[in-house]
Every structure is written in C-alpha cells, then in structure tokens.
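Whatever order the structure lists them in is the order used to number ligands and atoms, beginning at 1.
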Amino acid sequence: MLVFGCTGGGWCATHALGSAASAMASSPFLRIAPTLHLRRCCRKFWCEEPKEGTTNGWTRRRSTSAAQRSPDVVEVEYADLNLKNFYGAAPNLGHIRIRQHVNPLSSSFATPVEIPVWKEVFRDPSLPLMVDIGSGSGRFLIWLAKNCPERRNYLGLEIRQKLVERSQFWVEELGLANIHFMFANATVSFEPLVSTYPGPLMLVSILCPDPHFKKRHHKRRVVQASLVDSISKRLSIGGQVFVQSDVLELAFDMRNQFDACLDVFEHVDTIDNNFLCDTQGWVLHNPMGIRTEREIHAELEGARIYRRIYQKQKHCI
Ligand SMILES: C[S@@+](CC[C@H](N)C(=O)[O-])C[C@H]1O[C@@H](n2cnc3c(N)ncnc32)[C@H](O)[C@@H]1O
C-alpha cells in the first residue's frame, strides 16, 4: 500500500511492503493505513450524491441494500471526524438535498471567484498547498487537513454551493486553520487562485470527477486543456497531480491529457518504484490513506478505480 506522506515540500510516498507494523516504522503517515484497512472491512455505506438509474451504471450499479447502507459506510470511514456531532448544531447542514449535476458551462459559472486574502483563510499561507478540484462533500480534504495538520494547506474547489457551505461550516466547527473551501468553477478559477497563493503548489487532486457521459457533454468535464495547462505551469517542481475515476473512458481522457505533457510530467512509477502499477499503467493503490466518498461508493459496488499520478519534473517551456 502506498500512502502519501504529509511532508513539507513534496509528497513522500512510502511503500508498505509486508506487515503494517514495519510500514509504520518507516513513515509516520502510515499510522493511518491499518485503520484504513479496518475501515475497508466495514462494508457499510453512504453518500448523498449517487442516484439510481443514470447513464452506464456509474450510479446504476447500486443495489437497494447497498444504497440503504451507503450513508453508514461513509460515516464509518470518516468516523474520526465526528461530523455527526455538528448536525444537531446546524440541522440544515446534515443530510442536505443537492442537485446531482450542474452545468459548469452555464453563464452563472463563467466568472472567476474573488481571490481571498490568503492570510485570512490560512494561518500560514506560505505553506505548500494541495488543491482538491471537485471536493464534493469535503470530508476527504477535511480528513487530510485534520490528520496532517502542520505542514500543508488544503484548498477545496467545488461548484455546488450548498456542499461548500456545509464543508466550510465543518472546518470552522473543527477549528482547522489549514483548510478552506470555495464555491468555484475550477475551470475558470483555478488559475487566478493558485497564481496568487503565496506558497508552492505541491499537489492537485481530481478524484472521480463528474463523467458527463454523452459525447456532446464532454466539454463540461473539469479536465480540459486550459486546466491541464494551468496545472502544468503552476505546480512546483516535484509537485504532483493525482487523478482517478471509476469510469475507464473518463480515466483515459484525463490520462491522455496529462500523458501529452510528458515534457513537464513523468508518471510516478518511472520515478519511484514504490508506486505499483498494473500492466496498463494504472496505479494500484490509493496513496492518500483515505478514500474519497465516490471511491467508497464505487468500490462497494464492485467497481475498480483507475488512477494516475504525475510528478512535475521540468518547467514548462
Ligand atoms: C462525482 S463528485 C466527486 C467528489 C469527490 N471528489 C469524491 O471523489 O467523492 C464530482 C464533484 O465535482 C464537482 N464539480 C464538477 N465540475 C466542477 C467544476 N467545474 N468546478 C468545481 N467542481 C466541480 C461536482 O459538483 C461534484 O461535487
């Protein structure tokens, strides 16, 4: 199992061969790995996002019983955040009703967000930054911010405002000063945001983005040439991009776009043989120490997650 360590400058990947105990000795961050394993044994579930019966089984795979159990599984996997404690304080923010998808090309999402005063949103805005594009409920990023608090800032970009409001509410309740969520269309706001951030951009994650299956809707996908270009330019040397999807065609779409930048990026398995890939070049394990909610859903339904992790090796020409 690979787990990205929360190190200062870059992402330390440590390979846990053999027992979890020996792995724990080599990386403080692998302390979370055995917990993850235990969590995976708890086959209960959640999410407010998937709906039954949509295109290609992306959301159709769920059986009724899995659907019923899904909220519990996410609660179990994210139990150490204790977010349930806060539902009572803000009843409207617990199980919220949200739109399944929005159209990022609609004119209401065309304007870039206002740049925050970074020292007002992060205690130390000079720290290395991780940006999670399409942060969904925010639990994944909050979990990272809480468990790797001291050396990195975390910025979640999400186009559905209600999710952002709830994520930000949780951040404040948890008293975390290293994480911030923004209601933003990443396609138009990523560049202005990261270009003004005072510290180095070290990791961009795009995890299980909306697939927009129909060909004529592919232009709604978040990974577009302009975003790839911006990530290539703005990442620091040694910084990484982590993309994954349970939809093979979408995973290939993202992969093809980053593979095309091989003058800037190398895939991690060519740099660090601790990253295990299958014969097709997909990274076998989630290196973060925690699964995203969509990932939990997909795996519960028996789907496979296709991952690529690129590291910036050279500046763009
Ligand atoms: C399928 S969900 C995955 C959420 C989370 N990353 C996970 O793996 O559980 C994709 C998320 O991306 C958001 N999203 C889609 N297009 C976006 C855009 N252009 N900018 C920001 N967020 C976007 C959606 O609202 C949704 O919450």
Side-chain angles (χ1 to χ4, degrees), residues 45-51 54-62 70-71 73-75 77-78 96-113 130-144 154-168 180-194 203-213 217-228 230-231 241-247 250-251 253-254 286 288 290-301 303 305-307:
F45 218 77
W46 159 91
C47 185
E48 60 238 327
E49 295 178 38
K51 240 196 244 163
T54 53
T55 321
N56 103 338
W58 189 59
T59 56
R60 209 190 297 142
R61 284 188 215 107
R62 287 195 310 165
S70 65
V73 172
V74 172
E75 291 294 350
E77 187 132 349
Y78 286 93
I96 54 177
R97 286 203 167 276
I98 43 162
R99 291 182 61 184
Q100 179 78 356
H101 293 296
V102 300
N103 177 3
L105 300 179
S106 107
S107 57
S108 53
F109 298 118
T111 313
V113 287
M130 168 177 177
V131 179
D132 187 34
I133 292 181
S135 49
S137 76
R139 287 177 176 89
F140 167 76
L141 207 60
I142 293 173
W143 191 95
L144 290 177
Y154 299 85
L155 179 65
L157 304 182
E158 171 52 54
I159 204 164
R160 287 182 292 176
Q161 188 166 13
K162 279 191 182 173
L163 290 179
V164 175
E165 285 166 6
R166 187 179 62 176
S167 306
Q168 202 48 37
H180 185 65
F181 289 93
M182 296 187 74
F183 167 47
N185 178 355
T187 317
V188 298
S189 294
F190 177 86
E191 169 67 25
L193 285 168
V194 299
L203 180 67
V204 178
S205 54
I206 309 171
L207 305 179
C208 305
D210 289 338
H212 296 293
F213 291 108
H217 288 165
H218 284 186
K219 54 184 182 292
R220 297 183 183 182
R221 289 179 173 174
V222 72
V223 177
Q224 300 291 335
S226 59
L227 184 70
V228 173
S230 182
I231 294 171
V241 192
F242 174 23
V243 295
Q244 72 176 24
S245 178
D246 54 304
V247 177
L250 173 60
D253 182 17
M254 297 193 283
N286 175 333
M288 304 302 300
I290 186 83
R291 293 183 290 171
T292 73
E293 292 184 42
R294 177 65 216 162
E295 188 175 352
I296 295 171
H297 282 297
E299 290 192 338
L300 188 76
E301 293 159 2
I305 306 292
Y306 301 93
R307 305 182 180 88

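Looking only at side-chain heavy atoms (C-beta outward), L227 and F190 come within less than 4.5 Å of each other. Looking only at side-chain heavy atoms (C-beta outward), I305 and N286 stay at 4.5 Å or farther from each other. Using a 4.5 Å heavy-atom cutoff, the side chains of E295 and L207 are not in contact. In this structure, M182 and S189 have side chains that are not in contact, with every pair of non-hydrogen atoms separated by 4.5 Å or more. Counting heavy atoms from C-beta on, the side chains of R139 and I142 never come closer than 4.5 Å. The side-chain heavy atoms of T111 and V188, taken from C-beta on, include no pair separated by under 4.5 Å.
Residue-level proximity to ligand 1 for P104 is carried by the side chain, the only part with a heavy atom below 4.0 angstrom. With a 4.0 Å heavy-atom cut-off, ligand 1 is reached by the side chain of V222 but not by its N, CA, C or O.
Near T187, the atoms of ligand 1 lying under 4.0 angstrom from a non-hydrogen atom of the residue are 19 (N). Each of the following atoms of ligand 1 lies closer than 4.0 Å to a heavy atom of T292: 7 (C), 8 (O), 9 (O). Close contacts of ligand 1 with G136, meaning ligand atoms under 4.0 Å from a residue heavy atom, involve 4 (C), 27 (O). For ligand 1, the atoms closer than 4.0 angstrom to any heavy atom of R294 are 7 (C), 8 (O), 9 (O). Close approach of ligand 1 to N185 is summarised as follows: ligand atoms under 4.0 Å from at least one heavy atom of the residue are 18 (C), 19 (N), 20 (N). Atom numbering of ligand 1 starts at 1 in the shown order; those under 4.0 Å from a heavy atom of E293 are 9 (O). Near L207, meaning under 4.0 Å from one of its heavy atoms, ligand 1 places the atoms 3 (C), 5 (C), 6 (N), 7 (C), 8 (O).
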Task: Residues F181, L163; criterion side chain to side chain contact (heavy atoms under 4.5 Å, CB included); working and verdict - done: CA-CA 9 Å; F181 289 93; L163 290 179; over 6 Å; no

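For ligand 1, the polar-atom distance check finds no N/O of E295 at less than 3.5 Å from any of the ligand's N/O atoms. Between L163 and ligand 1, no N or O atom pair is found at a separation short of 3.5 Å. Checked by distance only, ligand 1 and A186 come closer than 3.5 Å through their nitrogen or oxygen atoms.
Residue Q244 is tested with T292, L250, I206 for a side chain to side chain contact (heavy atoms under 4.5 Å, CB included); the sole match is T292.
Ligand 1 is approached by E158 to a heavy-atom distance shorter than 4.0 Å. At a 4.0 Å cut-off, at least one heavy atom of A184 sits close enough to ligand 1 to count as contact.
Minimum heavy-atom separation, S167 to S137: OG-O, 2.8 Å.
Heavy-atom proximity to atom 5 (C) of ligand 1, evaluated over S205, P209, G134, is greatest for G134.
Side-chain atoms of E293 never come within 3.5 Å of backbone atoms of F140 as a donor-acceptor pair (strictly under, hydrogens ignored).
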